[in-house]
Enquirer: 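Got a structure for you, questions after.
Numbering of ligands and ligand atoms starts at 1, following listing order. If you're wondering where the values come from, they're calculated on a predicted model, not measured in any experiment.
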Amino acid sequence: MKEIKHFINGAFVGSASGKLFDNVSPANGQVIGRVHEAGRAEVDAAVKAARAALKGPWGKMTVAERAEILHRVADGITARFDEFLEVECLDTGKPKSLASHIDIPRGAANFKVFADLLKNVANETFEMATPDGAGALNYGVRRPKGVIGVISPWNLPLLLMTWKVGPALACGNCVVVKPSEETPLTATLLGEVMQAAGVPAGVYNVVHGFGGDSAGAFLTEHPDVDAYTFTGETGTGETIMRAAAKGVRQVSLELGGKNAGIVFADCDMDKAIEGTLRSAFANCGQVCLGTERVYVERPIFDAFVARLKAGAEALKIGEPNDPEANFGPLISHKHREKVLSYYQQAVDDGATVVTGGGVPEMPAHLAGGAWVQPTIWTGLADDSAVVTEEIFGPCCHIRPFDSEEEAIELANSLPYGLASAIWTENASRAHRVAGQIEAGIVWVNSWFLRDLRTAFGGSKQSGIGREGGVHSLEFYTELKNICVKL
Ligand SMILES: NC(=O)c1ccc[n+]([C@@H]2O[C@H](COP(=O)([O-])OP(=O)(O)OC[C@H]3O[C@@H](n4cnc5c(N)ncnc54)[C@H](O)[C@@H]3O)[C@@H](O)[C@H]2O)c1
Ligand SMILES: O=C/C=C/C=C(\O)C(=O)O
């Protein structure tokens, strides 16, 4: 059985405690590996290695030197594309057709984009008048924040982890990564790529384990970490924020959502159906930006529901290697229990189940997987938990609306504010509505169209801070003002 070890100070090491946990395939329920669980000793070793690398070669490199190495990391991922694809799909069960287009290429791009960006950042300067007439010159310099704790989720493991590690390293920081316990493989494989690319030991460290009372908590409680960047559930974000408060460490939090799609009667129906299908069901609904609430203008409500149902029913459920498959399993049986509890709740609350609502029949060799049906409901009250709470599964509730104001009010009615998608061919309306949606990201006639230079993050309980492009610099660097009296 394959053992998955930590990557600390440039070497793969096991846990001193000898504690291991199972890595289980979501597609068939079989154990695919045994993962070392970090104790305080391993987390401490990783933080110490990061601190030493910061004071050592990495901290002393020029931006251009670091950028060259990070380009080699990106090329290293691309050169081992098939291996990354294999293990990402082993961990998550997602179709290779999806991960080969999104997860792995984005993993590589996250290093290139931020390496290039750092080479072109301008710093602010202010000339200042002084009473003696000689003046003063203020100029800003950016310095790495230090040792960054990176805590990432399981839904897009390589993409979301490198989305943080790419800019962190480009800015000259060193990182200790705690990947999700569900998906340890790509973060570990990246250690090999880092070694081969010439990233100095200690710059990139990975510790495996769980959240509370395990590697996650040990990392967030460690006093020598300067800042934490986290993607995951809102409740976990609160816990991490509390831990980071000790020592006044900064946090960047990308949290949960209950995103609304708003479909106007003047939309291009083909586009709206295609985009809503993806936003509700891609990655088996396990995308933070996904749509779980769809509001459709009444004149096209019935037609929209019928077409979305047909689209959901045409999804091809299957294992990662099935070239036809575009719909995989949920991440675990535990998560399936949660999703199925909402499927039951919807029925109890009087929903009309338009399609799905249960567990699909799978061939014998996949029967142990965490499969679930894509599901659509109508007819629920606005305060049903199914409509107000993040399910993080392949499901959505569709509700009619009669006016623009009503649609905006419904979209803004929850404490989350991550993303929204608006479907209309009327550009004025698109601008007007997009400006009023309380969310960090609004798409018009699209979904998950990503330019890595743009600000990414959530408002309200969906997060704190923005990452992406130059916005990442705000978190990953300290901006220092130097004032020179002339
Ligand atoms: N806003 C975004 O950009 C974004 C992106 C992807 C996922 N998400 C959210 O992530 C959630 C799904 O991911 P998940 O189930 O892995 O989230 P999660 O919060 O359960 O876990 C995320 C990570 O935090 C760790 N963790 C858990 N408890 C911890 C603790 N007490 N201290 C330190 N670390 C701890 C986990 O081990 C894991 O590595 C959903 O809520 C989804 O909306 C948000
Ligand atoms: O599940 C959440 C998806 C987040 C996507 C990104 O962070 C990104 O595209 O950079």
Enquirer: Here's a test for you: under side-chain contact (heavy atoms from CB on, under 4.5 Å), which of I4, N23, D22 qualifies with I32?
Expert: N23

Enquirer: Is the backbone of G232 close enough, under 3.5 Å, to the side chain of T236 for a donor and an acceptor to pair up by distance?
Expert: no

Enquirer: Is it true that a side-chain atom of R336 and a backbone atom of L330 form a donor plus acceptor pair closer than 3.5 Å?
Expert: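 Here the side-chain-to-backbone pair does not exist.
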
Enquirer: Considering only heavy atoms of G212, which atoms of ligand 1 have at least one such atom less than 4.0 Å away?
Expert: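 Under 4.0 Å from G212, ligand 1 has these atoms: 28 (N), 29 (C), 30 (C), 31 (N).
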
Enquirer: Out of T234, T236, N155, L219, who gets a non-hydrogen atom closest to atom 27 (C) of ligand 1?
Expert: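 Nearest option to atom 27 (C) of ligand 1, by heavy atoms: T236.
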
Enquirer: Would you mind listing every ring pair (Phe, Tyr, Trp, His ring centres under 6.0 Å) that reaches into residues 233-261, with sequence neighbours excluded?
Expert: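 As it turns out, there is no ring pair (Phe, Tyr, Trp, His ring centres under 6.0 Å) pair with a partner in residues 233-261 once direct neighbours are skipped.
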
Enquirer: Which of the numbered atoms in ligand 1 are below 4.0 angstrom from a heavy atom of T239?
Expert: 31 (N)

Enquirer: Look at the aromatic rings of F448 and W443 and report parallel, tilted or perpendicular, splitting at 30° and 60°.
Expert: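 Tilted: the ring planes of F448 and W443 meet at 30° to 60°.
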
Enquirer: Tell me, do S97 and K316 make a side-chain contact under 4.5 Å, heavy atoms counted?
Expert: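 They are not in side-chain contact.
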
Enquirer: Tell me the nearest of G458, A419, G211 to atom 30 (C) of ligand 1, using heavy-atom distances.
Expert: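 Among G458, A419, G211, the closest heavy atom to atom 30 (C) of ligand 1 belongs to G211.
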
Enquirer: With a 4.5 Å cut-off on side-chain heavy atoms, are Y295 and I398 touching?
Expert: no

Enquirer: Going by the atom numbers of ligand 1, which of them fall below 4.0 Å from some non-hydrogen atom of L418?
Expert: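 Close to L418: 1 (N).
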
Enquirer: Protein heavy atoms near atom 21 (O) of ligand 1, is at least one of them under 4.0 angstrom away?
Expert: no

Enquirer: Would H208 and E181 count as having a side-chain donor-acceptor pair, cut-off 3.5 Å?
Expert: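 Short answer, no.
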
Enquirer: Assess the side chains of E389 and Y342: does a donor N or O sit below 3.5 Å from an acceptor N or O?
Expert: yes

Enquirer: Parallel, tilted or perpendicular: which fits the ring planes of Y343 and W377, with parallel below 30° and perpendicular above 60°?
Expert: perpendicular

Enquirer: Do me a favour and list the nearest non-hydrogen protein atom to atom 9 (C) of ligand 1 with residue, atom name and distance?
Expert: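 Checked against all protein heavy atoms, atom 9 (C) of ligand 1 sits closest to G232 O, 3.3 Å.
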
Enquirer: So is there a nitrogen or oxygen of W154 less than 3.5 Å from a nitrogen or oxygen in ligand 1?
Expert: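 Yes, there is a polar N/O contact under 3.5 Å.
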
Enquirer: Which of the numbered atoms in ligand 1 are below 4.0 angstrom from a heavy atom of K178?
Expert: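 Answer for ligand 1: 36 (C), 37 (O), 38 (C), 39 (O).
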
Enquirer: Residues two or more places apart in sequence or in another chain: which of them pass ring pair (Phe, Tyr, Trp, His ring centres under 6.0 Å) with F392?
Expert: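 For F392, the residues satisfying ring pair (Phe, Tyr, Trp, His ring centres under 6.0 Å) (neighbours in sequence not counted) are W154.
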
Enquirer: Just going by heavy-atom distances, which of S152, G235, G257, G216 is nearest to atom 34 (N) of ligand 1?
Expert: G216

Enquirer: Would you kindly say whether N259 and T291 are connected by a side-chain donor-acceptor distance under 3.5 Å?
Expert: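 Judged by distance alone, the side chains do not pair up.
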
Enquirer: Report the nearest protein non-hydrogen atom to atom 13 (O) of ligand 1: residue, atom name, distance rounded to 0.1 Å.
Expert: P153 CB, 3.4 Å

Enquirer: Please verify whether a non-hydrogen atom of G463 lies at under 4.0 Å from ligand 1.
Expert: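 No.
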
Enquirer: For K164 and T231, which I'm curious about, is there any donor-acceptor pair between the side chains at under 3.5 Å?
Expert: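 The criterion, which ignores hydrogens and geometry beyond distance, is satisfied for T231 and K164.
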
Enquirer: Listed by chain and number, what are the ring pair (Phe, Tyr, Trp, His ring centres under 6.0 Å) partners of F21, not counting sequence neighbours?
Expert: F210

Enquirer: Where on E390 is there a heavy atom closer than 4.0 Å to ligand 1, on the side chain, on the backbone, on both, or on neither?
Expert: side chain

Enquirer: Ligand 1 versus L160, non-hydrogen atoms closer than 4.0 Å: side chain, backbone, both, neither?
Expert: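 The answer is the side chain.
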
Enquirer: Of all the non-hydrogen atoms in the protein, which one sits nearest to atom 25 (C) of ligand 1, and at what distance?
Expert: I151 CG2, 3.6 Å

Enquirer: Is it the case that the side chains of K145 and N173 hold a donor-acceptor pair, with the cut-off being a distance below 3.5 Å and no angle test?
Expert: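 K145 and N173 do not have a side-chain donor-acceptor pair below 3.5 Å.
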
Enquirer: Just by distance, no angles: are the side chains of D451 and T454 close enough, under 3.5 Å, to form a donor-acceptor pair?
Expert: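 The answer is no; no qualifying pair exists.
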
Enquirer: Is a donor from one side chain sitting under 3.5 angstrom from an acceptor on the other, for E37 and S15?
Expert: no

Enquirer: Find all atoms of ligand 1 within a distance of less than 4.0 Å from any non-hydrogen atom belonging to E233, and give their numbers and elements.
Expert: 10 (O), 11 (C), 15 (O), 17 (O), 18 (P), 19 (O), 40 (C), 41 (O)

Enquirer: Tell me, which protein residue and heavy-atom name are nearest atom 12 (C) of ligand 1, and how many Å apart are they?
Expert: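 Protein heavy atom at minimum distance: F392 CE2, 3.6 Å.
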
Enquirer: Quick check on contacts: which atoms of ligand 1 are under 4.0 angstrom from a heavy atom of F230?
Expert: 19 (O), 22 (C), 23 (C), 24 (O)

Enquirer: Any atoms of ligand 1 less than 4.0 Å from a non-hydrogen atom of E181? List them with their elements.
Expert: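 Going through ligand 1 atom by atom, the ones under 4.0 Å from E181 are 36 (C), 37 (O).
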
Enquirer: Which ligand 1 atoms are under 4.0 Å away from a heavy-atom of P179?
Expert: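 Taking each heavy atom of P179 in turn, ligand 1 has 39 (O) under 4.0 Å.
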
Enquirer: Distances for all N or O pairs of ligand 2 and the protein under 3.5 Å?
Expert:
residue  : atom   : partner : partner atom : Å
ligand 2 : 1 (O)  : N155    : ND2          : 2.8
ligand 2 : 1 (O)  : C288    : N            : 2.8
ligand 2 : 9 (O)  : R106    : NH1          : 2.9
ligand 2 : 9 (O)  : R450    : NE           : 2.7
ligand 2 : 10 (O) : R106    : NH2          : 2.8
ligand 2 : 10 (O) : R450    : NE           : 3.4
ligand 2 : 10 (O) : R450    : NH2          : 2.7

Enquirer: Among all protein heavy atoms in this structure, tell me which lies nearest to atom 2 (C) of ligand 1, with the distance rounded to 0.1 Å.
Expert: C288 SG, 3.2 Å

Enquirer: Are any of the N or O atoms of L255 closer than 3.5 Å to those of ligand 1?
Expert: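 N/O-N/O distance below 3.5 Å exists for this pair.
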
